[in-house]
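All remarks here apply to the structure that follows.
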Amino acid sequence: GVCTTADCTQSASRLLENMDANVDPCDNFYQYACGGWLKKNVIPETSSRYSTFDILRDELEVVLKVNLGHFCVFFPSEGQIEKRGGAPLLDILPNVFEWPIATDHWETLEDAIARLNEKYGTQVLVNFFIGTDDKDSNSHIIHVGGQTSLGLLSREHYTCTGPYAEPCRAYEQFMIDVARLIRTDRSLEVNETQIREEVTRVIELEREIANATDTPEDRNNPVLLYNKMELGVLNANFSLEVDTQVFDWSYFTRKIMGTVGITVPDTENVINYSPNYFRRLNPILAKNTKRVLQNYMVWRFVMNMVVGLSRQYRDTRKAFRKVQTRHLLCEPCPAAPCRRLCHLRQQQLDNAVGRLYVEESFSGESKELGEMISVIREVFISNLDHLRWMDVETKKAAEEKAQAICERIGYSDNIKNDTYLNNEYKNLSYSAEEYFENILQNLDYVQKKRLRKLRVKVNKEEWVTGAAVVNAFYSSSKNQIVFPAGILQPPFFGKGQTKSLNFGGIGMVIGHEITHGFDDNGRNYDKDGDLKDWWTPSSTQNFVNLSKCIVDQYGSFSWDLANGLNLNGNNTLGENIADNGGIRQSYQAYLNYVEKNGNEPLLPGINLNHQQLFFVNFAQVWCGTHRPEQAVNSIKVDVHSPGKFRVLGSLQNFPEFAKAFNCPKNSYMVPDKTCQVW
Ligand SMILES: O=C(O)CCC(=O)N[C@@H](CC(=O)O)Cc1ccc(-c2cccc(Cl)c2)cc1
Ligand SMILES: [Zn+2]
């Protein structure tokens, strides 16, 4: 029969709207499923990528903005911000030992990195953080490395040639304008030549630092990153010298950990995950002065702060805004509610935001989700039996790990617990005059909470995300899959949606997250989340060979929106393995569902059976388009392949898709060579 409920009618019209039935599904399924969407949608001025996925995120923000009245939080008017000019920033520059370009006397270097880290959570030059010990997932350990954010979006930007010339120039002008403004506010002489010269040196230094950082390829094997050594050894073997002054790692570490009352002896173990970066950094520092270094480091802090100052300061980043990275403070937008939301997110108030969202929009689908997770987990495990490339011993360990995956659905009960929330935010104080300082105070509060974890066991109950998030997660150290409330909505999931759409939507995501535990990164961790090899050498070798097929397949896709650049098959391998596993598991789980419960009633007005509807809904998650500069950048930095290729690549490897649409052998969607890992 045909389902004529409102939900079915809505699903049918959504699916029909987005697709282009004139395209042969076997020629290009993405075009077939999304052709209608692409004809009807234009990328908004304010977006760099616009897709079904992004629209869900925008809609979630609207729900939150509309309901921000609940937050009796005072936010300053534009007038109050204007009145204070640059004062909030000028007042705190002494806290970070000053910005030489913008003053005529300044002090040390060492303390600056430590202060930026422990007080403002800003990582410059050295990334120092407390994280889970990969080889003891119940403990925390100090990590040091080179993964600090750069002023420009990516390493490539620092070539300052071709498409990167404009962002570079905007970045340089931004720094010059802020330096001039601060010197003027301080009634110091403004010598344009002097400022421009110092800025040029900072960008030159930043370019060298960017080139010294590890590439994504250098960072994708957790076993090779796990370099544990005593702090004393780190100090001895990875000395950094500036102006004949040696960087003292012990002093630096104690400076940071002392602020939370934790003493760290030289025998303390730390993980140095970028030894090569520090080796490459040494000669760079040796040929630079402390002044240039201080200029660089404090600039990385200053550039994030100007958005919280008066119009004159904010305008300095106008041209640069187009290529902005995520900043610490909020862009004051015309309507107060959106600024409040931004602050709440920036203030790590994800639990308060999550509570609001859950109360407004989440009707608690946990039970049905739980059932979907268990049948898809079962399929993953039963599929292991058919894998000829994995030996019995390794299959047994894989099954144990799959059984041990713990699931989190919707939201953490904590956010419903007023006592818990009040306790979490008790130290927060807001007042209109001091909002800038409050934000800095809260950065301090959040960073101190992170630093205090060093002597505390890992809380595996803790959620790795807030609830008001349209996404899903796999944590290798917790062996945990998480589906926040934000993604539990159409097209992914709906109580009134047919199971074919739910399995093609959230079912795919569930399979994707489970498979992350077995991709090129996740497979290195055992069922307890410890970095321990549970593979036989022969199974490892087979896994590597089969992965190579995926690397080559996605690496051979050339992306028209990125000026024909090919995808990076290595950097996207983990996500591609997860997509290819997810589609197989969720589809098989759907067939099992139909086997057990019979065929579902068809959708009105759309002459597709449910096997076909599964694939159409699956593909329409990624109906969307990109701006060229975002496309080029995403190929460099995104671990996910572009949506179009995620759909094409995983369907080309899946014979059940070809069967569902009766695609002939030589069609584009049925290539000769296909890949399969899980
Ligand atoms: O925002 C972004 O660009 C990343 C979104 C992103 O992939 N999040 C993932 C988080 C993660 O990687 O575990 C969760 C996820 C979302 C969508 C899909 C999916 C659905 C239908 C078809 C295909 Cl080929 C893939 C699979 C996984
Ligand atoms: Zn993923």
Side-chain angles (χ1 to χ4, degrees), residues 15 18 29-30 33-34 37 47-58 60 220 326 372-373 376 405 407-408 464-465 469-476 478-484 486-493 500-523 550 553-554 557 567 571-587 590 613-626 630-631 633-635 637-654 657 669 678:
L15 294 162
N18 288 339
F29 192 72
Y30 180 80
C34 294
W37 190 97
S47 306
S48 55
R49 179 187 84 172
Y50 189 59
S51 69
T52 306
F53 215 88
D54 302 299
I55 292 169
L56 291 175
R57 287 170 169 167
D58 297 343
L60 182 141
N220 62 19
R326 256 179 56 77
M372 289 182 75
I373 292 173
I376 292 169
I405 291 174
E407 62 208 50
R408 296 274 184 276
V464 292
T465 174
V469 169
V470 183
N471 216 342
F473 304 88
Y474 173 76
S475 160
S476 48
K478 295 188 170 90
N479 194 20
Q480 176 191 97
I481 53 177
V482 187
F483 306 93
I487 198 168
L488 305 179
Q489 59 172 312
F492 291 101
F493 180 85
S500 57
L501 303 185
N502 285 347
F503 275 97
I506 198 68
M508 163 65 189
V509 179
I510 292 168
H512 176 105
E513 299 312 331
I514 290 173
T515 309
H516 265 318
F518 305 87
D519 69 19
D520 59 319
N521 181 286
R523 76 174 194 87
I550 302 259
Q553 175 198 8
Y554 283 77
F557 284 129
L567 306 192
N571 294 351
T572 54
L573 175 60
E575 292 305 330
N576 298 333
I577 289 176
D579 281 343
N580 279 269
I583 184 81
R584 288 171 171 274
Q585 292 137 25
S586 54
Y587 188 71
Y590 179 61
L613 289 167
F614 170 100
F615 290 111
V616 173
N617 197 44
F618 158 89
Q620 290 190 350
V621 166
W622 290 110
C623 292
T625 186
H626 302 246
Q630 191 276 341
N633 186 55
S634 83
I635 277 192
V637 300
D638 196 342
V639 289
H640 298 94
S641 299
K644 173 167 77 170
F645 299 110
R646 295 181 68 171
V647 169
L648 294 174
S650 47
L651 294 184
Q652 285 175 333
N653 287 329
F654 191 32
F657 162 78
M669 293 307 295
W678 300 105

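Throughout, numbering of the chain's residues begins at 1 and tracks the sequence. Just so you know, ligand 1 is whichever comes first in the structure, and atom 1 is the first atom listed for that ligand.
- Of the residues N576, N580, D579, the one that meets the side-chain hydrogen bond (donor to acceptor under 3.5 Å, both in side chains) test with N653 is N580.
- Here CG of N502 is found 5.0 Å from CZ of F493. Values are rounded to the nearest 0.5 Å.
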Distances under 3.5 Å, N/O of ligand 1 against N/O of the protein: list each pair and its distance.
residue: ligand 1; atom: 1 (O); partner: R49; partner atom: NH2; Å: 3.3
residue: ligand 1; atom: 1 (O); partner: R57; partner atom: NH1; Å: 3.0
residue: ligand 1; atom: 1 (O); partner: R57; partner atom: NH2; Å: 3.3
residue: ligand 1; atom: 3 (O); partner: R49; partner atom: NH1; Å: 2.7
residue: ligand 1; atom: 3 (O); partner: R49; partner atom: NH2; Å: 3.4
residue: ligand 1; atom: 7 (O); partner: H640; partner atom: NE2; Å: 3.3
residue: ligand 1; atom: 7 (O); partner: R646; partner atom: NH1; Å: 2.7
residue: ligand 1; atom: 7 (O); partner: R646; partner atom: NH2; Å: 3.2
residue: ligand 1; atom: 8 (N); partner: N471; partner atom: OD1; Å: 2.7
residue: ligand 1; atom: 12 (O); partner: H512; partner atom: NE2; Å: 3.4
residue: ligand 1; atom: 12 (O); partner: E575; partner atom: OE1; Å: 3.0
residue: ligand 1; atom: 12 (O); partner: E575; partner atom: OE2; Å: 3.3
residue: ligand 1; atom: 12 (O); partner: H640; partner atom: NE2; Å: 2.7
residue: ligand 1; atom: 13 (O); partner: H512; partner atom: NE2; Å: 3.4
residue: ligand 1; atom: 13 (O); partner: E513; partner atom: OE1; Å: 2.9
residue: ligand 1; atom: 13 (O); partner: E513; partner atom: OE2; Å: 2.8
residue: ligand 1; atom: 13 (O); partner: H516; partner atom: NE2; Å: 3.3

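- Note: F473 CZ to H512 NE2 = 10.5 Å, rounded to the nearest 0.5 Å.
- If you run ring-ring contact (aromatic ring centres under 6.0 Å, His included) between F654 and each of F29, Y587, W678, only Y587 comes through.
- Remark: the backbone N or O of S641 is not paired with any side-chain donor or acceptor of T572 at under 3.5 angstrom.
- With the Zn ion (ligand 2) as vertex, H512 NE2 and E575 OE1 subtend 100°, rounded to 10°.
- At a cut-off of 2.8 Å, H516 coordinates the Zn ion (ligand 2) through an N, O or S atom.
- Using modelled atom types, no side-chain atom of N617 and backbone atom of S500 make a donor-acceptor pair closer than 3.5 Å.
- E575 has its side chain within reach of H516: a pair of non-hydrogen atoms, C-beta onward, lies under 4.5 Å apart.
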